[in-house]
Amino acid sequence: MDAVECAAKWFQTSQKVAVITGAGISTESGIPDFRSGEGLYNEETEQGIPMEDVLSWSFFSEHPREFYRLFNEKLLFPDARPNTGHFFLKRLEDAGHDVTIITQNIDGLHQKAGSTRVLELHGNAGKIITEYGSEKSLDEAVRDEKEMRVDGEWARPAITLYGEALDRKVLQESVQAISEADILLVMGTSLNVYPAAGLIFEYNGNRSVLVNREGTPLSDGFACVFSRPIGEWVEEVQQYLDADQHTSDRNE
Ligand code: CNA
């Protein structure tokens, strides 16, 4: 079965859908990913420091000015809007599936599309955390070139930097959703970043679908693989589902 037909068929007979998404689901919204040809990892700072190192706790604490300059320039996309990939997942939810989205993205676009159960493994670039642990919107922060404050308290972006642990509760909820899922859908991730990539091994079923333009180190383990843009996959799956609905309407 091809990766359109298998997914469309499985959606029709699956209640619990776990979805793991990565930066590739947001490229069609104009947000660059990390590892594609035009990805951020091919860029470096003026001092020749790769972006991967910039997004680390040690760089943040030692060079806050440069960190914030690059954070503002490369990671904030306040005007980005969800695309067909994000809206497709919301439609699955509207159609009555229990959808849990486990995202590595920090752009908040799943929530903007209306999805209600979104677990953010790496946090959210539109939020900040104060030194006493309360979470606020980035808009509330007073920012200068080298630090953020809110009501006088030191604050930082609510994203997980390399060298930091993931939120344990979010990780536990992700493991639970994936292990209980009828179908696992993985979209737009190079499956290179751990522990996020390792979550696919929590899935216990045989209905696993990978939608990613390029191959990944873990592609062989999926039951169905679609190696073209997410927008094209969504369009084809939707056509399949609509045609099927049309046929069953006619037979009633
Ligand atoms: P990645 O390593 O950059 O991989 C993205 C994958 O998506 C690549 O394999 C691409 O081939 C694929 N891809 C890109 N566009 C499409 C498309 N339209 N259709 C199908 N496939 C596509 O990104 P990962 O998410 O795997 O890596 C994890 C990092 C990236 C996380 O820490 C994120 O926080 C981080 N990141 C997030 C964003 C965002 O929030 N939008 C942007 C850039 C990086």
Side-chain angles (χ1 to χ4, degrees), residues 3-4 7 19-43 50-57 59-60 70-89 101-113 115 118-127 138 157-167 170-171 174 185-200 209-220 222 224-237:
V4 168
V19 191
I20 299 176
T21 64
I25 198 170
S26 295
T27 54
E28 293 172 39
S29 293
I31 302 180
D33 63 9
F34 275 176
R35 291 181 183 77
S36 290
E38 295 127 36
L40 288 179
Y41 276 3
N42 300 313
E43 296 188 25
M51 278 303 286
E52 193 161 11
D53 294 345
V54 170
L55 293 170
S56 64
W57 169 255
F59 189 90
F60 171 59
L70 291 161
F71 175 76
N72 289 328
E73 197 180 306
K74 310 277 185 195
L75 292 182
L76 288 184
F77 294 87
D79 299 328
R81 291 286 159 257
N83 62 55
T84 42
H86 302 101
F87 286 121
F88 176 74
L89 300 178
I101 301 173
I102 297 121
T103 189
Q104 299 168 80
N105 295 346
I106 56 175
D107 55 31
L109 290 186
H110 289 299
Q111 293 91 327
K112 282 192 184 157
S115 290
V118 183
L119 300 171
E120 294 178 311
L121 289 170
H122 298 158
N124 188 311
K127 294 183 184 160
L138 179 64
I159 58 173
T160 309
L161 297 168
Y162 287 95
E164 292 187 298
L166 268 56
D167 183 304
V170 172
L171 206 49
S174 303
L185 175 60
V186 177
M187 304 170 86
T189 169
S190 63
L191 291 173
N192 264 304
V193 175
Y194 283 79
L199 285 172
I200 65 166
V209 182
L210 172 67
V211 185
N212 203 65
R213 233 167 26 193
E214 293 161 8
T216 80
L218 305 177
S219 298
D220 287 349
F222 285 81
C224 291
V225 178
F226 186 89
S227 308
R228 285 189 278 127
I230 290 169
E232 292 180 17
W233 179 81
V234 166
E235 198 177 320
E236 291 177 32
V237 170

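Every number for a ligand or one of its atoms is a count from 1 in the order of the listing. What's counted below: heavy atoms across the whole structure, side chains too, no hydrogens, waters or symmetry copies.
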Go through the structure and list residues passing side chain to side chain donor-acceptor pair (under 3.5 Å) with [X], not counting sequence neighbours.
| X | value |
| --- | --- |
| T216 | S219 |
| E232 | R228 |
| N212 | none |

Which protein residues come within less than 4.0 angstrom of ligand 1, counting heavy atoms only?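 Residues within 4.0 Å of ligand 1: G22, A23, G24, S26, T27, E28, I31, P32, D33, F34, R35, S36, Q104, N105, I106, D107, H122, G188, T189, S190, V193, N212, R213, E214, R228, P229, I230.
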Partner of H110 by side chain to side chain contact (heavy atoms under 4.5 Å, CB included), out of V118, V19, L119: V118
Within a strict 4.5 Å, meaning less than it, do heavy atoms of the L210 and I200 side chains meet?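 Answer no - side chains too far apart.
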Taking the side chain as every heavy atom from C-beta outward, state whether S29 and F77 have any pair of such atoms under 4.5 Å apart.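 When only atoms from C-beta onward are counted, F77 and S29 do not touch, as no gap falls below 4.5 Å.
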